[in-house]
Amino acid sequence: MSMELEKFVDSLPIMNKLKPKERNSKGAYYEVTMNEFKQKLHRDLPPTQLWGYNSQFPGPTIEVDRGEYAKVLWKNNLPSKHFLPVDKSFHHLEHLPEVRTVTHLHGGETPPGSDGFPEAWFTKDFSEVGDSFERKVYEYPNNQRGATLWYHDHAMGITRLNVYAGLAGTYIIRDQEEKRLKLPSGAYDIPLMIQDRTFNEDGSLFYPNQPNNPAENLPNPSVTPFFLGDTILVNGKVWPFLEVEPRKYRFRIVNGSNTRAYQLQLDSGQEFYQIGSDGGLLSKTVTVDTLSIEPAERMDVIIDFSGLSGQTIHLKNDLGPNPDPDDQTGDVMQFRVNKPLSEKDMSRIPRSLSTIPSLKNEQITGIRNLKLVGTTDSYGRTLLLLDNKKWMDPVSEKPLLNSTEIWSLINVTNFSHPIHIHLVQFQILDRRPFDLERYNQDGQIIYTGPARPPLPNESGWKDTVTATPGEITRLIIRFAPFSGHYVWHCHILEHEDYDMMRPFIVIDPKDEDKSFGDS
Ligand code: C2O
Ligand code: CU
Ligand code: CU
């Protein structure tokens, strides 16, 4: 689809930091407007029509200190027609306004009315709102440890299109614990939002109307079961380069892609020093040569360029054995170690980073077995479900506030699903393989090996976990600090939209009589 675009001809954009409208001892107040605009994504591409927060793609970086209360007015100033193909054949979407938005802070411990519930959408100037809409100004307590979060659109049934159009940005919480560690900071602490896109000849974004080889009588447009772009962008530029000094840098890597997972490597053979995962610092620095990062996961890493003056290093995406020679997605970006060292590098790569209390020590009050399943709908399209239930089915997961549960994600499909749970940071207990063929014959789970503990770099706080195919992935989750309506879902956005997303309700026993109905 895309024309050949020369790699490494544009420098990496560093997103600007969002300035609050007001800031006082109680916190900060921000306003962000979603707009349609054009932006140059590559030297040789005409400007691309996009949707973004404050007319930029990705959106501005929001930075707060832990404990600093932030309020954000998310405003929708978008046109009433979508520029990407909207399928209205499911969830009664034909009755909803075509363009609707609601912002979610991914990884945030956010009160329910501000979490971006998919049915809390709103249109331009809030002229129409979804059934669950509660408030215009969202409130973020930021009472969680320092971490790299991200914000993105979450509107019912069109999240894949709104995020693809450009509605995503980085959100950083900083804390004292981290500051004491003397990690690379300031200009040497850089978010990298990695996304894949496909372009039409005129520079516009391509998104398929229908799956490949569509069945007859399929609605047009029709949701596709996955989407992989053929071009990689970092911070909104196609295959950019970054000029660096011979010193240590901290990169906060966010996989903001719809479906694509990456196996990131450095072609210098260097290792990454991973210091953080979704929910903040790991307990110890983990040295890895490959970062496997699924959609919505974050990996906070240090790369040490010291002693490498004059070298050019590439961040690659390992495509595995015998990749398609036309596949260009094995390249991500380039580092040019060509800047002089501006001052002595006093930053450190501490061996020990933080203390992470194990949730294993808590009393477990519930165990849920939840299947990740694939089936087909009445058109013969792929329909992916959580525990065989659709979004519209009654709420089945109702953990109690402050209780700790084990969720066993039983993946009976043939591929990995990055499963994300709102409100919480959880821990991965283990993964255990079972006989998938046998399961498909008679529904029995027969283990074929022992349970494996999580990898060292996923042993900290996580909000998104790779549920591997033919395995049971077990999580320990403490449901706090808020009660109310939330969602959990696969973060492959094509899956999330149709229909791998479910509501859950955290129940506060004190509110028992307030009706938390199954709606
Ligand atoms: Cu990143 Cu429910 O989302
Ligand atoms: Cu989230
Ligand atoms: Cu999925």
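One-based numbering, in listed order, for ligands and for the atoms of each.
Not counting sequence neighbours, the partners of Phe226 by the side-chain contact (heavy atoms from CB on, under 4.5 Å) test are Leu228, Thr259. With sequence neighbours excluded, the residues satisfying salt bridge (Lys or Arg N to Asp or Glu O under 4.0 Å) with Lys75 are Glu31.
Excluding water, every protein N/O/S atom under 2.8 Å from the Cu ion (ligand 3) is given here by residue and atom: His417 ND1, Cys490 SG, His495 ND1. For atom 1 (Cu) of ligand 1, the neighbouring protein N/O/S atoms at less than 2.8 Å, given as residue and atom, are His106 ND1, His152 NE2, His491 NE2.
His489 contributes atom NE2 as its closest N/O/S atom to atom 2 (Cu) of ligand 1. For His422, the N, O or S atom closest to atom 2 (Cu) of ligand 1 goes by the atom name NE2.
Seen from the ring of Tyr164, Arg197 counts as a face-on cation partner, given the 6.0 Å and 45° thresholds. With Phe227 as the aromatic partner, Arg160 does not meet the cation-pi criteria of under 6.0 angstrom to the ring centre and within 45 degrees of the ring axis.
A salt bridge is defined here as a Lys NZ or Arg NE, NH1 or NH2 lying under 4.0 Å from an Asp or Glu carboxylate O, and Asp278 with Lys462 meets this definition.
Of the possible polar contacts, none joining the Asp430 side chain to the Arg452 backbone as a donor-acceptor pair under 3.5 Å is found. With hydrogens and angles ignored, the 3.5 Å screen pairs no side-chain donor or acceptor of Glu109 with any backbone N or O of Gln144. Using modelled atom types, no side-chain atom of Arg431 and backbone atom of Pro454 make a donor-acceptor pair closer than 3.5 Å. Between the side chain of Arg260 and the backbone N or O of Pro295 there is no donor-acceptor pair closer than 3.5 Å.
Test His489, His106, His491 against His154 for ring pair (Phe, Tyr, Trp, His ring centres under 6.0 Å) and you get one pass: His489.
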